[in-house]
Structures are given as structure tokens and as C-alpha cells.
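Below is one structure, written out as C-alpha cells, with a few remarks after it.
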Amino acid sequence: MPELPEVETTRRGVSPHCEGQRVTAVEVRDHRLRWPVPDQLPALLVGQVFQSVERRAKYLLFRTSAGTLLVHLGMSGSLRLVSQEEPPRRHDHIDILLKNGLCLRYHDPRRFGCCLWLEKGELHPLLGKLGPEPLSAGFDGDYLYRCSRGRKGPIKNFIMDAKVVVGVGNIYANEALFLAGIRPDRASGRISRARYDDLASQIKQVLTTAISNGGTTLRDFVGGDGKPGYFAQKLLVYGRKGEPCKQCGHTLREARLGQRSSVYCVTCQR
DNA sequence: CGCTGACCCTGACGGC
DNA sequence: TGCCGTCAGGGTCAGC
């Protein structure tokens, strides 16, 4: 489910209801996530006040004066606010009850996500080796160009590598490469500076658009179904294998790169 | 260090 | 209707 736009949408949705709120209770129904949910989590969290909800890459960071709750939604996770009376459904693994009567509920069928605690001042190894945020000023064509010199792997794997840049998932990697006219299997080390300028701005563009579309669901986030609005967005290549390219009409092809499906147009992407 | 492939887990979907 | 293989938007890790 979540690419960077949905994680950001989630952050914007839950943050106004969490900030300034004291945690009154924590219930962990299933601790078997990507890494086990710490047994001490309830004891550590109860009584703390969420000062802010931040995002780094696809991690959500709930700051308190004692430390930080670090949440990742994995592939199938979601976080939403429900009434404390609402009974949990299957795969609702964690409840964090707040003073305002709401419950922050973590749901994750595949359990690829995680929910961890960081002591104040502790830098988690997961956050240590991350590349720049794609929407930051430090991320641009020049950066990608310099990073890629000497590398032989496909450009698509390169831009999905969190050590290079965070938050570019499979959907938007496909879309950005189409918009920049670059074949996903081209060696990243052999792409020109000018094309990287275009690619960097297309990545920013596609993520920005998706975030603003995801924002349409914010209104009914509380008690809503949490379904991302950007699903409705017209994707140009992702999920369109065998269909005509919207730019030239050529049939879109699929290739597998790094275990993930890549859809592209042989005419528009070189 | 860079790159590849296996793996973590459940659910949805298409073919037979 | 039901069974089975395949695939899914995340990321880590071992091995070469």
C-alpha cells in the first residue's frame, strides 16, 4: 500500500489528532512484525505526550520527551484513528489510546512493517544510512549524476535504492522513468547529466502530485476507510502492461528488474 | 563497495 | 465451487 505519498498522507492525517495528546494505554495484540514489537513498548509509551509527528523516508516518527516511536507500514500496513469503542478487526495489531478519546490503530496483514522505540538521542541504524529526501533541495540531477558514476546496475534499481534517495517505490519509479523518457534497464552510470536533471524533476513532480491527491482523503480520515485517494490518479505505465502507451500508442512492455515489475514504452523510453 | 537473489507474510486473483 | 500457482506498492541480509 504505502509509497512515500501515502506515508506523508498518513502523517498529515494523524498528526493534528496526536500532537499534544497524552498516551493513556497501549495494547499490542500481535508483536510479530518485521522486528518484534518490544515488550516494554506499553510501559515506555504510556504517560508520554506526542510532541510532533514527523516523517523520514517512509518512517513515521512520533516524538515524545522521552524518546521516539518509530513506525514503518511495510507493504500492507496502515495507521488510522478510530473511536476507542470500535472493536478491532483481523490484523489490527496495535492500539495506542489517547487522552482525547481516539485510538491510533496499526493494521498490517503481511506484517512487513515495524513499530519500534528509540530512546532520546538514539539514532536508529535503520535511519542512519538513508539518502536524501526526494523533495529536498539537496536532491537534484547533479546529485544523481555524481552518485551514479561507475555504476553498472539498471537505473530503476538505482533510484529505488534508499541509500541513493529515499521514498521512490516501484510505482513512482516506473512513472518517473516514463516521464523522463529513460528505459528502466539502462545502466545508471551511462546516463547523461542533462537526463538526470530531467529525471530528478520528474521524480519530484510525480511525488508532489501524488501527495496532493492523497490529501483528498484527509477529510474523512477519522473513522474513514483510509483508502488513498491517489489510487484514482491516472498512472501512465504502472499496471498497464500490454496496453497502449498514452503518448505514442505503442504496446507497453514489462520486464523484471530486481524482482520487481517494470512497465515501459520501447518507443518513448531510450 | 556494488549487485543479485532469497526471504519475511497474508490475501487477491486468474486458470483449470 | 475449489484448489493451486503467481503476484503484490516494503525492506534486510548473505554471498559473490
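Below, chain A is the first sequence line, B the second, and so on; all start at residue 1.
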Quickly work out the [X] [atom1] to [N] [atom2] distance and round it to whole Å.
X	N	atom1	atom2	answer
Arg34(A)	dC7(B)	CZ	P	14 Å
Leu257(A)	dC7(C)	CG	C1'	16 Å
Leu4(A)	dG10(C)	CG	C1'	13 Å
Leu73(A)	dC9(B)	CG	P	19 Å
Met160(A)	dG9(C)	CE	C1'	9 Å
Asn174(A)	dA8(C)	CG	C1'	13 Å
Leu33(A)	dC8(B)	CG	C1'	12 Å
His107(A)	dG11(B)	NE2	P	9 Å

Return the nearest nucleotide to the side chain of [X]; candidates are [options].
X	options	answer
Tyr238(A)	dA8(C), dC9(B), dG11(C)	dA8(C)
Gln259(A)	dG11(C), dG5(B), dT4(B)	dG5(B)
Glu3(A)	dT10(B), dT12(C), dG10(C)	dG10(C)
Lys152(A)	dT10(B), dC3(B), dG10(C)	dC3(B)
Trp35(A)	dT12(C), dC9(B), dG9(C)	dT12(C)
Pro154(A)	dA8(C), dT4(B), dT12(C)	dT4(B)
Arg111(A)	dG9(C), dG10(C), dT10(B)	dT10(B)
Arg90(A)	dG10(C), dT10(B), dG9(C)	dT10(B)

In plain terms, say whether [X] and [Y] are close enough for a salt bridge, that is, a side-chain N and a carboxylate O under 4.0 Å apart.
X	Y	answer
Asp95(A)	Arg29(A)	yes
Arg63(A)	Glu54(A)	yes
Arg193(A)	Asp142(A)	yes
Glu86(A)	Arg80(A)	yes
Arg56(A)	Glu133(A)	yes

Looking at [N], I'd like to know if its phosphate oxygens (OP1 or OP2) sit under 4.0 Å from a side-chain N or O belonging to [X].
X	N	result
Arg256(A)	dA8(C)	yes
Arg110(A)	dC8(B)	no
His91(A)	dG11(B)	yes
Ser261(A)	dA8(C)	yes

dG11(C) pairs with which nucleotide, Watson-Crick or G-U wobble, both distances below 3.5 Å?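 WC or wobble partner is dC7(B).
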
Do the side chain of Gln84(A) and the main chain of Leu98(A) share a donor and acceptor less than 3.5 angstrom apart?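 Yes; at least one donor-acceptor contact below 3.5 Å.
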
Answer with base, sugar-phosphate or nothing: what part of the nucleic acid does Asn157(A) contact at a heavy-atom distance below 4.0 Å?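 Sugar-phosphate: the residue Asn157(A), judged by heavy atoms under 4.0 Å, touches backbone atoms but no base.
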
Aromatic ring of Phe112(A) stacked on base six-ring of dC9(B), 5.5 Å, 30°: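 It does not: the two rings, one from Phe112(A) and one from dC9(B), miss the stacking criterion.
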
Quantified in whole Å, what is the P atom distance between nucleotide dT6(C) and nucleotide dA6(B)?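 Result for the P pair: 14 Å, nearest Å.
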
